[in-house]
Every structure is written in C-alpha cells, then in structure tokens.
Q: 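The following block contains the structure, expressed as structure tokens.
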Amino acid sequence: MLDDLERIPPTKPGMPQQSMCSSREAIPANYPNNKWIQPVKSVDVQMIHVYRGVNLAVRDIVSSDPYVVFRMGNQSIKTRVVKKNLNPEWNEELTLCVTDQRQPVQLMVYDRDTFGYDDKMGYAEFEIGPFLQAVKMRLHGLPNGTIVTRVLPSRQNYLAEESHIVWKDGKVVQNMVLWLRHVENGEIELQLQWIDIPGSTPQFD
C-alpha cells in the first residue's frame with residue numbers, strides 16, 4: 001500500500017482537487033450545492049474533514065511546507081500546502097466515493113519542494129468499515145452526542161488514541177487522531193462524515 005502512494009507524482013500548485021466516482025464524474029466537497037452533479041446510484045460519498053497536523057517532521061532546515069494526499073482505490077485527492085508550519089491548520093473538506101467498504105483510506109504527508117520531488121513526511125491509513133456500519137444503522141432519534149461505537153488503538157491500526165463514532169447534529173461523524181509512521185514524528189487530526197445523496201441509499205457489500 002505504501003508503495004502505491006510513493007508512486008503518486010508531485011503535483012503542481014493550483015491543481016484542482018477532485019474525487020473521481022467514475023471516468024466521467026467528480027463530486028466536490030460542497031456537494032450537493034452544485035446542481036450539475038449527477039452521481040451514480042451505486043456510489044456512496046464520504047467527506048473527510050482534515051483539521052490539522054501536529055508536530056510534523058522538519059524537512060526544510062527548520063520547518064516544512066506540508067500537505068496531505070489521500071488515496072482510496074484509484075482515487076487520489078489532496079489538501080492545500082501550508083507554508084513553513086509544523087502544526088498546519090488545513091480545516092479543509094475533501095470527498096471520496098465509496099465503492100468497497102473493505103478498502104482502507106491511505107494518506108501520505110509531503111513537504112512541498114520548489115525544485116525536485118516533494119519529501120515524504122509520514123504515512124497512515126484507516127478503515128471505514130465501522131463508520132459505514134454506523135451509517136447503515138439509521139440512528140435518527142438518538143440524543144445528540146451519543147457515542148455509537150468506540151475504536152481502540154492497536155498494533156493493527158494507526159490510531160494515536162481512542163476514536164469515537166458519534167451521532168452529532170443529525171449525522172454520524174468519526175473523529176480520528178492518526179499516528180504517522182515511517183517518519184520521526186507527527187499526527188494528523190481529521191473527521192469522517194457521510195454525505196446523503198437525495199434519492200440514493202448507501203450500498204454496503
């Protein structure tokens with residue numbers, strides 16, 4: 001899995017971010033406001049709210065210019081670059097189309113270099129199965145803030161602390177703090193959310 005991410009070519013500043021649901025479709029983070037989008041019914045959409053990086057590795061003498069690449073299957077999306085910051089605040093929403101809940105979401109943090117290849121700053125991944133199972137439960141009516149599932153950190157995952165799947169403000173969310181591996185130090189904080197597409201039902205294998 002790490003080898004696949006390592007083959008992602010360095011990207012140019014200003015390249016558009018998108019999650020490919022098929023060879024013809026992309027669903028941006030502000031869906032469903034864009035009326036021209038016509039998602040296929042067999043595809044479900046989850047949003048990754050990338051909050052911040054914490055204590056990331058130094059790659060440019062005293063600092064770094066970090067960004068995060070997420071990959072799931074043949075989809076690849078990324079955050080913007082935050083200049084000269086080891087504790088970057090992205091606060092950015094990205095979307096991925098879920099066609100197989102057994103596929104993990106992989107992420108790699110990079111340091112943007114003006115010349116040459118971008119430097120690696122750590123790798124992590126997470127499973128979406130527990131989150132999707134909570135979405136499938138249809139939890140309407142639960143008190144706001146109810147913890148539906150707890151996912152514990154272990155040698156088999158990249159969690160830096162216990163992750164809670166919560167019913168909050170009428171939707172299922174999961175907060176995660178991921179410990180970056182293959183690097184000296186660093187964590188990524190993010191939240192998963194589900195995007196309800198009008199007229200569609202989540203498809204779970």
Side-chain angles (χ1 to χ4, degrees), residues 5 11 15-21 26-34 37 39 43-56 66-73 75-82 85-99 101 103-110 121-137 139 142 144-151 153 157-180 186-198 202:
L5 272 174
T11 52
M15 285 184 66
Q17 300 312 294
Q18 60 183 16
S19 171
M20 298 306 295
C21 299
I27 297 184
N30 64 349
Y31 179 85
N33 294 328
N34 286 6
I37 295 293
V43 173
D44 305 303
V45 184
Q46 72 170 353
M47 182 173 70
I48 303 174
H49 190 136
V50 190
Y51 288 119
R52 63 186 63 87
V54 178
N55 192 29
L56 300 183
Y67 66 96
V68 187
V69 175
F70 291 86
R71 183 167 181 175
M72 185 180 191
Q75 303 171 76
S76 179
I77 53 177
K78 71 179 183 70
T79 67
R80 71 184 189 281
V81 176
V82 178
N85 199 324
L86 301 180
N87 296 282
E89 296 274 350
W90 287 289
N91 197 29
E92 192 167 344
E93 295 177 348
L94 307 173
T95 55
L96 285 170
C97 300
V98 179
T99 56
Q101 67 171 324
Q103 283 188 328
V105 177
Q106 308 161 37
L107 67 92
M108 178 74 83
V109 184
Y110 289 96
M121 296 177 62
Y123 169 86
E125 65 180 54
F126 57 88
E127 302 290 337
I128 62 172
F131 173 74
L132 296 186
Q133 288 304 315
V135 172
K136 187 178 179 180
M137 292 167 66
L139 301 169
L142 279 183
N144 192 48
T146 298
I147 297 176
V148 180
T149 307
R150 302 173 190 266
V151 184
N157 62 39
Y158 290 73
L159 292 174
E161 60 186 43
E162 184 173 285
S163 174
H164 295 167
I165 301 174
V166 179
W167 178 252
K168 183 178 180 180
D169 299 330
K171 57 189 175 185
V172 178
V173 300
Q174 180 177 5
N175 293 306
M176 294 184 186
V177 180
L178 298 173
W179 170 52
L180 296 173
E187 297 176 350
I188 297 294
E189 297 181 10
L190 55 83
Q191 183 187 82
L192 301 184
Q193 296 183 21
W194 191 255
I195 298 178
D196 285 323
I197 300 175

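Sequential numbering from 1 along the given sequence is applied to the chain's residues.
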Q: Which residues pass the salt bridge (charged side-chain N to carboxylate O under 4.0 Å, His left out) test with Glu161, sequence neighbours left out?
A: none
Q: Does the side chain of Gln193 pick up a donor-acceptor pair with the side chain of Gln191 at under 3.5 Å?
A: yes
Q: Considering only heavy atoms from C-beta outward, does the side chain of Tyr67 approach that of Val109 to under 4.5 Å?
A: no
Q: Given side-chain hydrogen bond (donor to acceptor under 3.5 Å, both in side chains), test Gln46 with Thr95 step by step and report yes or no.
A: CA-CA 6 Å; Gln46 72 170 353; Thr95 55; over 6 Å; no
Q: Can you list the steps and then say if Tyr123 with Tyr158 is a ring-ring contact (aromatic ring centres under 6.0 Å, His included)?
A: CA-CA 9 Å; Tyr123 169 86; Tyr158 290 73; 5.8 Å; yes
Q: Between Trp194 and Val172, is there a side-chain heavy-atom distance shorter than 4.5 Å?
A: no
Q: Which of these passes side-chain contact (heavy atoms from CB on, under 4.5 Å) with Val105: Val98, Ile128, Leu190?
A: Ile128
Q: Do Asn144 and Lys168 come close enough that some side-chain heavy atom pair is under 4.5 Å?
A: yes
Q: Hey, does Pro66 have a side-chain heavy atom less than 4.5 Å from the side chain of Val81?
A: no
Q: Who passes salt bridge (charged side-chain N to carboxylate O under 4.0 Å, His left out) against Glu189, sequence neighbours left out?
A: Arg52
Q: I want to check something: taking the side chain as every heavy atom from C-beta on, are Gln103 and Gln101 in contact at a cut-off of under 4.5 Å?
A: no
Q: With sequence neighbours excluded, tell me which residues meet side chain to side chain contact (heavy atoms under 4.5 Å, CB included) with Ile147.
A: Arg150, His164, Val166
